[in-house]
Q: 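Starting off with a structure, shown below.
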Amino acid sequence: MPWGRPRHELVLLALCAVVALLPVYPYGPQDQSRICLAQALLHGHVSSTACLASSYDKSSYGGHLYSDKAPGTSVLELPSVAALNIPPGQRVGPHDAGVWGVRLLTCGLAFLLGALLVGRLAEGLAPGRGALALVAFALGTLVAPLAATSFSHVISATIGFAAFLAAWRRRFLAAGLLAGAAVFVEYQTAAILVLVGLYVALRGVRPLAAYAAGVLPAAGLLLAYDAVAFGSPFHLSYRYVVGDYVSEQSSGFFGIGLPNLHATHDVFVGPRGLLVISPVLVAAAYGLVLLWRRYRAETLVCAAVAIFFVILDCGYFLPYGGGSPGPRFLVPALPFLAVGLGPAFARRPRVTAALAAASIIATVGTTLVWSYPYPTGQTIWTELGHVATEGRSALLVRVLTTKTALAWIGIDVGGIVIAGAAVAAVLLSVTTLVRRPRGWRALAVAVVALALLAGTVRAALLPLGLRTTIAASTVFALPGDEVDLHVTVANRSGSGFDGVRLVMRLPPGVLLLGAPVVERGPGCGGTTNITCSLQYLDPHTSTVVSLGLRVLADAPPSLRLVAWSSTGAVVGPHAGVVITTGSG
């Protein structure tokens, strides 16, 4: 089997880890379902009724609740759940460090191992291109936004791909062990087990027997788990699933039917489709065509795995699997497709590099915002375009709600660190093609520093698209007079703002006459520091808040009223008006 070590491999893996593993996503159903099972297994049980009572991902059998997932990921989580002391049934916070640690020690390690395997195989197939393939795969495909989660797709992808590589190296027993483990982690990878088994069968009966013997331990564990949990070794957890999608999952094969146009559109060209966020996979498919003459059997396995998972996702009733960064069910096929990256970089370097750069930009952006729903008809590229023209007003900037682990040590620029690490990984991988890497490294450091500086300065200088203005019925009023104020909040950007608030600060010497009148939102609260929830503000629209004030007898000679609007943590510029009272 072609094999080699790319230059700067460890540094590239570290940079990829910074990009993909720093995000701390909120605790979700995937975490709950798998951690609950891990907690139960630690105490000698397979059911976890109390822990799963509030979960969306669960199965019900015999009056007890079980995880509806394959048990493999929970088994892999056992050491980390025990070491990080996550107690049974814990109500985990939205950004819990323990859960993040569990993710890193399972899915995170699988992500790094998968990137290493892709890079080394690519270096063997196309010397000098392994680093490029490693970065393009790790940061330009869906494995990046899924690396720091509890989804099992990256784990099963790495184990299934490792099984294929072991078979390629004639390690048939190890290949069987890994293929069985992949199915233990995710049921759909049974297709990989079968296809790799067919590949092994080409080598003869004895290799196939060794492969089958390797499959037995994981198969035995899965059969035993199903027998204990669901009364039969042949009843999978999805047979007893409960929740919002019971009717859909009961049709076809656990919700999988023939491919349909709607799902196919979403998988390829939807808001988070493959061709939208990972166009480098087109180059990878081209690279597999190039490999056909040299490695026909291996190429056929890679193509068959890719085709199977694409068809599976195009036939599933929910191709993105609910809230996720894209068509996640085909992730186990991505390393098999990535086998073509090395040859593609060697034969068509410019086109492949352009597709890889586009993929990394879109994927890193997706990693930062994850599954945030874009406005209808828009994609990550639309939002990136708005960043260039609107700065902090852009939707993409305002929804960077993804927390990073750096926040726990007081560093609140995790997004900049992630973007900088991605740029550094790309530049460092390019230097592997240059004979004098020292000069390139210095250039890479300079470019990264300039890019980060330019991005920071631009973010600081470009104002928020929200504008607040104040109009007063008069700017001169005697004590006892009334003044009417009309505060206008305008959205001057091309993106809608959610969670808009208006804050008005009244100085001593004035009295608020009744509640402010609003055009939208539930109203205002407060008497001197007044806060109004205006909710959603459409692009290029405005709304007015009106209020009446009386000037008191002890008012100072001049009164300054200040107002500003905000959305999320971003505050717009302040507006003010001065009223002369004639007192003193």
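Just so you know, residue 1 is the first one in the sequence shown, and it goes up from there.
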Q: Relative to each other, are the rings of Tyr66 and His64 parallel, tilted or perpendicular (30° and 60° limits)?
A: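 If you compare the ring of Tyr66 with that of His64, the planes turn out perpendicular.
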Q: Can you tell me if Ser54 and Gln32 form a side-chain donor-acceptor pair at under 3.5 Å?
A: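 Distance-only check passes for Ser54 and Gln32.
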Q: Just by distance, no angles: are the side chains of Asp31 and Ser150 close enough, under 3.5 Å, to form a donor-acceptor pair?
A: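 Distance-only check passes for Asp31 and Ser150.
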Q: So which heavy atom on Val267 is nearest to which on Pro319, and how close?
A: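 Minimum heavy-atom contact is CG2-CB, 3.9 Å.
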Q: Out of Phe268, Phe329, Tyr320, which one pairs with Asp313 under the side chain to side chain contact (heavy atoms under 4.5 Å, CB included) rule?
A: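 Looking at Phe268, Phe329, Tyr320, the match for Asp313 under the side chain to side chain contact (heavy atoms under 4.5 Å, CB included) is Phe329.
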Q: Around Leu261, counting heavy atoms of other residues, nucleotides and ligands shown, do more than 12 lie under 6.0 Å from its CG?
A: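 Not more than 12 within 6.0 Å, no.
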Q: Extract all donor-acceptor atom pairs below 3.5 Å that involve side chains of residues 298-310 and protein atoms in other chains or at least two apart in sequence.
A:
residue: Glu298; atom: OE2; partner: Tyr199; partner atom: OH; Å: 2.5
residue: Thr299; atom: OG1; partner: Tyr295; partner atom: O; Å: 2.6

Q: Once the angle between the rings of Tyr187 and Tyr238 is folded into 0 to 90°, is it parallel (under 30°), tilted (30 to 60°) or perpendicular (over 60°)?
A: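 Taking Tyr238 first and then Tyr187, their aromatic rings stand perpendicular (interplane angle over 60°).
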Q: Looking at residues at least two apart in the chain, or sitting in another chain, which of them share a side chain to side chain donor-acceptor pair (under 3.5 Å) with Ser33?
A: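 Expected list: Ser67.
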Q: Can Arg34 and Ser152 be counted as having a side-chain donor-acceptor contact under 3.5 angstrom?
A: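 Checked: Arg34/Ser152 side chains pair up, N/O donor to acceptor below 3.5 Å.
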Q: Are Tyr240 and Tyr61 an aromatic pair, judged by ring center distance below 6.0 Å?
A: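 Yes, the ring centres sit under 6.0 Å apart.
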Q: Could you tell me how the ring of Tyr225 sits relative to the ring of Phe230: parallel (under 30°), tilted (30 to 60°) or perpendicular (over 60°)?
A: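 The rings of Tyr225 and Phe230 stand perpendicular, inter-plane angle above 60°.
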Q: So that I can tick it off, tell me whether Glu77 and Arg103 are bridged by a salt bridge, with the cut-off set at under 4.0 angstrom between side-chain N and carboxylate O.
A: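 So Arg103 does not pair with Glu77 through a salt bridge.
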